[in-house]
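Report on the structure given below.
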Amino acid sequence: MTSKTRAKLRSLATAEQPIFQVGKDGVTDAVAAAVDDALSARELVKLTVLKTAESPAVVLETLSKRLHAEPITAIGNKIVLYRKSENEKARHIEL
């Protein structure tokens, strides 16, 4: 992914509200499954990471590897992931 593409996705994410919170238990199977479903439906997902033992950057890396998604940004306690959806009904982002 190029830096221009990442910048475009980062700008699109600023208008989005976080749809999930990663809590004190970190990245659980339930959280990963919910984010996976959201990526299939939306392609771009913003999450809030509560103050835990793991930093937002670690959570971003863990989720991106586990879900085969592109890590976009980790700023403060917010993280953004992107994965192109194969679902025809998904909201597709033009890159």
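Between V59 and E54, the closest heavy-atom pair is CG2-OE1, 3.6 Å. Nearest heavy-atom pair, K46 versus A13, reported as atom, atom and distance to 0.1 Å: NZ-O, 3.2 Å. Heavy atoms only, all atoms of each residue included: P56 and G76 are closest at CG-O, 3.3 Å. Closest of all the heavy-atom pairs between G23 and L50 is CA-CD1, 4.0 Å. For the pair A32 and L63, the tightest heavy-atom approach, listed with the atom from each and the gap, is CA-CD2, 4.3 Å.
You'll find the side chain of R83 reaches within 4.5 Å of the side chain of S40, heavy atoms only. Counting only heavy atoms from C-beta outward, the side chains of L44 and L9 approach each other to under 4.5 Å. Between V45 and F20, some side-chain heavy-atom pair lies under the 4.5 Å cut-off.
Atom CG of D36 and atom NE2 of H68 lie 9.0 Å apart (nearest 0.5 Å). Taking CG of L81 as the reference point, atom CD1 of I72 lies at 7.5 Å (rounded to 0.5 Å). With rounding to the nearest 0.5 Å, the separation of CZ in R42 from CG in L39 is 10.0 Å. Here CG of L47 is found 9.0 Å from CG of L60. Values are rounded to the nearest 0.5 Å.
Between the side chain of E43 and the main chain of I93, a donor-acceptor pair closer than 3.5 Å is present. Between the Q21 side chain and the T48 main chain, no donor and acceptor come within less than 3.5 Å of each other.
Linking Ile, Leu, Val, Met, Phe, Trp and Tyr residues whenever their side-chain heavy atoms come within less than 4.5 Å places I19 and V35 in a single cluster.
With sequence neighbours excluded, the residues that form a side chain to side chain donor-acceptor pair (under 3.5 Å) with R66 are D29.
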